[in-house]
Amino acid sequence: MTPTSPEPAALPVVVVGAGLGGLAVALELADHRPVVVLAKRDLEEAATAWAQGGIVGVLGSDDSVDSHVRDTRDAGGGLVDEAAARFIAERSGQAIEWLVERGVAFSPDPAGPLGLHLTREGGHAVRRIAHAADATGKAIHAALLERARRHPRIALRERWMAVDVVTTRHLQRDEAPRCYGVYALDIDHQRVETLPAAAVVLATGGVGKVYRYTSNPDTATGDGVAMAWRAGCRVGNMEFIQFHPTCLYHPQERSFLITEAMRGEGAQLKLPDGTRFMQAHDERLELAPRDVVARAIDFEMKRLGLDYVLLDATHLGETFLKAHFPTIHARCLALGIDIARTPIPVVPAAHYTCGGVVTDLAGRTDLPGLYAVGEAAYTGLHGANRLASNSLLECVVLGRSCAADVLQHVRGFTHAAALPPWDESQVENADEQVVIAHNWDELRLLMWNYVGIVRTTRRLERALHRIRLLEAEIDDYYANFRVSRDLLELRNLVDCAGLIVESALRRRESRGLHYSRDFPLTLPVGFPTVLVRDAKGGTLDLAG
């Protein structure tokens, strides 16, 4: 985009979330319009920084857009929107170049396309993953965050959490629904402010913290999905939660991810006695898609009563492992595991949310003025299972297209009247924080036990019954006490848990990441699960 002078007294665009999706939007907007970015914890804590593997780039002479679309479609279990997959694949090379221009230092290879080293991950036909050793997300996030910090029209508000979207309903106007801004909690000063906005972009990431074991950071509490749902937007495919097959099993590191790029380079999954087992589950062995590998590990653990299985990379050699996986090598060594000489104990953990707020390819939701990008959004790209390293690509491509659409539609937008302030007149300080802690633990445990890798209808029904009771308790607490980050995150998590279970109950088959013992077969034709909130706050399903 060509920089332009900002409009006089232009309302800012509020971006909720400071990961790759949010920063891509902010950096594309800021030359044209002021931007406010909200980060509910430290700016460095976004999930982007945790991504190890890399970002897809259709760059090599042995690769093509058609090949990438085919791999995305194959991984997605028949539910990938091909138009979305093609739109994103066609722009993958531009996305890599955009990141390089903004200072991202990918691992070099003088003989590689754009001078970059490309690796391969499960489900990909060829090497097409640009990476920065085994800490790609950290390199990308650090580079973009530094640029955002230097930009004079980007205001970064650390430790600010969005509470809810301000809509026409809050203004009590008889007019078409629209988003006018957000209520946001200044966590350090414990006050809620009203932030008017020309547009609001939800870039809040996934829902991993709804499960007891997850590879996600503490920020992944489904805030954007829950806020959009409460504002009347549709959500789609929330039953499809990707469980990463290999998280480190260690009491001191419950969320450390062992990238599947390690399996792409030849690491092998084994039982504690040293026996490989993937040949009994899929002919692609360790390079099978994540859902297949996660279910295989889950099956072997339950069959043998194991706490973990082993990922053996010792045959790759110490020099290779230090060069290609320095972060994993160093972190494991600090815990007493020398991965060049000892297999790594691993377990599956909730990793990626394939569903989210229904959007188009410009990030537009059902509510004018409200956008969603990244893991919070459902575009149809991932279908029933995400292909490895498509997520960072989606953030860049759709973050940029979202920014272009925002600029096109909000120029000159101003509010006719001031927005209503947050009302705390009927609440008091919380009396016992133990209520929040107890409900949080109960929710995450029941989701792990009843709504995990393998599901049954009875387990789902039990989970939904308890979730509805928790919702009532949390809503009562929310109505009577001043809000805190813990309370807001719990409120969002229980909303998302209900959406996951409701969606899972509606899918009477096994497909992609959703596996049901009661419906083990895959139907000949599949459709997305799309939910909409009814007038009484209940849930309706729509045809895909």
Side-chain angles (χ1 to χ4, degrees), residues 1-4 12-33 35 37 48 55-58 65 68-69 72 80-102 104 130 140 144 147-148 151 154 179 197-205 224-225 228 233-234 236 354-383 386-387 389-411 413:
M1 299 180 185
T2 303
T4 61
V13 174
V14 173
V15 178
V16 186
L20 176 55
L23 292 177
V25 173
L27 289 169
E28 287 288 276
L29 285 174
D31 286 339
H32 311 266
R33 194 175 192 97
V35 182
V37 178
T48 297
I55 176 171
V56 170
V58 180
V65 168
H68 180 216
V69 170
T72 299
V80 169
D81 184 312
E82 186 156 346
R86 188 165 297 278
F87 179 90
I88 291 167
E90 288 173 346
R91 290 159 178 79
S92 62
Q94 297 171 15
I96 300 293
E97 292 174 354
W98 187 86
L99 291 170
V100 171
E101 289 169 0
R102 279 149 188 81
V104 177
I140 291 174
L144 297 191
R147 291 184 73 92
H151 202 293
I154 296 178
C179 170
V200 172
V201 181
L202 302 173
T204 54
V225 175
C233 297
R234 290 170 297 156
C354 289
V357 185
V358 175
T359 74
D360 64 9
L361 296 178
R364 287 179 292 203
T365 72
D366 297 323
L367 185 65
L370 181 65
Y371 294 76
V373 297
E375 194 174 352
Y378 163 68
T379 63
L381 171 67
H382 306 301
R386 177 180 71 107
L387 180 66
S389 290
N390 266 354
S391 55
L392 294 181
L393 175 63
E394 182 184 34
C395 285
V396 176
V397 172
L398 296 189
R400 297 183 70 198
S401 67
C402 172
D405 192 84
V406 169
L407 289 173
Q408 180 181 348
H409 286 92
V410 305
R411 192 166 187 83
F413 175 78

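Every value quoted in this text rests on a predicted model; they were computed, and no experiment measured them.
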J.: Apply salt bridge (Lys or Arg N to Asp or Glu O under 4.0 Å) to R86 and list each qualifying residue two or more places apart in sequence or on a separate chain.
T.: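 R86: salt bridge (Lys or Arg N to Asp or Glu O under 4.0 Å) contacts with D66, E82.
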J.: With rounding to the nearest 0.5 Å, note down the distance linking CD in E90 to NE2 in H68.
T.: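 Going from the CD atom of E90 to the NE2 atom of H68 covers 11.5 Å.
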J.: How long is the straight-line distance from CG of D366 back to SG of C179, given to the nearest 0.5 Å?
T.: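 Nearest 0.5 Å value for the SG-CG distance: 13.0 Å.
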J.: Search all heavy atoms of V58 against all heavy atoms of A89 and return the closest pair with its distance.
T.: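 Shortest heavy-atom separation between V58 and A89 comes out as CG2-O, 4.2 Å.
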J.: Can you list the residues that meet the side-chain hydrogen bond (donor to acceptor under 3.5 Å, both in side chains) rule with T365, with sequence neighbours excluded?
T.: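 With neighbours one apart ignored, the set is empty.
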J.: When rounded to the nearest 0.5 angstrom, what is the spacing between CG in D360 and OG in S401?
T.: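 Reported value, rounded in 0.5 Å steps: 8.0 Å.
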J.: Kindly write out the residues that satisfy side chain to side chain contact (heavy atoms under 4.5 Å, CB included) with S391, not counting sequence neighbours, or none if the list is empty.
T.: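 Result, side chain to side chain contact (heavy atoms under 4.5 Å, CB included) vs S391: Y352, R386.
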J.: How close do A85 and V80 get, heavy atom to heavy atom, and via which atoms?
T.: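 Between these two residues, the closest heavy atoms are CB-CG1, 3.9 Å.
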J.: Output the distance between atom CG (L99) and atom CG (L20), rounded to the nearest 0.5 Å.
T.: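 One finds 6.5 Å between CG of L99 and CG of L20.
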J.: Mind checking what makes side-chain hydrogen bond (donor to acceptor under 3.5 Å, both in side chains) contact with S92, not counting sequence neighbours?
T.: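 Checked S92 against side-chain hydrogen bond (donor to acceptor under 3.5 Å, both in side chains); zero matches.
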J.: With side-chain contact (heavy atoms from CB on, under 4.5 Å) as the criterion, how do L407 and E28 come out once you've worked through the C-alpha distance, each side chain's angles and the decisive distance to 0.1 Å?
T.: CA-CA 10 Å; L407 289 173; E28 287 288 276; over 6 Å; no
J.: What is the distance from atom CG of L361 to atom CG of D81, rounded to the nearest 0.5 Å?
T.: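 With rounding to 0.5 Å, CG (L361) is 7.0 Å from CG (D81).
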J.: Which heavy atom in V358 sits nearest to a heavy atom in G236, and how many Å separate them?
T.: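 Here V358 and G236 meet closest at CG2-N, 3.7 Å.
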J.: Could you state the interatomic distance from CG (L29) to NE2 (H151), rounded to the nearest 0.5 Å?
T.: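 Going from the CG atom of L29 to the NE2 atom of H151 covers 10.0 Å.
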J.: With sequence neighbours excluded, tell me which residues meet side chain to side chain contact (heavy atoms under 4.5 Å, CB included) with R147.
T.: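 R147 satisfies side chain to side chain contact (heavy atoms under 4.5 Å, CB included) with L27, R102, R150 only.
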J.: F87 and side-chain contact (heavy atoms from CB on, under 4.5 Å): which partner among V397, V69, L381?
T.: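 Only one of V397, V69, L381 forms a side-chain contact (heavy atoms from CB on, under 4.5 Å) with F87, namely V397.
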J.: So which heavy atom on A198 is nearest to which on V410, and how close?
T.: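 Minimum heavy-atom separation between A198 and V410: O-CG1, 3.5 Å.
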J.: Below 4.5 Å, heavy atoms only, C-beta onward: do Y371 and V13 meet side chain to side chain?
T.: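 No - every pair of side-chain heavy atoms lies 4.5 Å or more apart.
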J.: Report the residues that fulfil side chain to side chain contact (heavy atoms under 4.5 Å, CB included) with A228, sequence neighbours left out, ordered by chain and then residue number.
T.: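 Checked A228 against side chain to side chain contact (heavy atoms under 4.5 Å, CB included); matches are L202, C233, V357, L370.
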J.: Could you please spell out the steps behind the side-chain contact (heavy atoms from CB on, under 4.5 Å) verdict for V104 and I96?
T.: CA-CA 9 Å; V104 177; I96 300 293; over 6 Å; no
J.: Taking all non-hydrogen atoms of both residues, which atom of G374 and which atom of C395 are closest, and how far apart?
T.: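 Closest approach of G374 to C395: CA-SG, 3.8 Å.
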J.: Pick one: which of V15, T359, V201, T379 meets side-chain contact (heavy atoms from CB on, under 4.5 Å) with V373?
T.: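 Only one option passes, and that is V201.
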J.: Is any side-chain heavy atom of R33 closer than 4.5 Å to one of V406?
T.: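 Side chain of V406 against side chain of R33, heavy atoms only: no contact under 4.5 Å found.
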J.: Would the distance check show the side chain of T204 and the main-chain N or O of G224 forming a donor-acceptor pair, the cut-off being under 3.5 Å?
T.: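 Such a contact is found between T204 side chain and G224 backbone.
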J.: Of all the heavy-atom pairs spanning G399 and A24, show the shortest one and how long it is.
T.: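 Scanning both residues, the minimum pair turns out to be CA-CB, 4.3 Å.
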J.: Using side-chain heavy atoms (C-beta onward) and a distance below 4.5 Å, is R400 in contact with R91?
T.: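 No, side chains not in contact.
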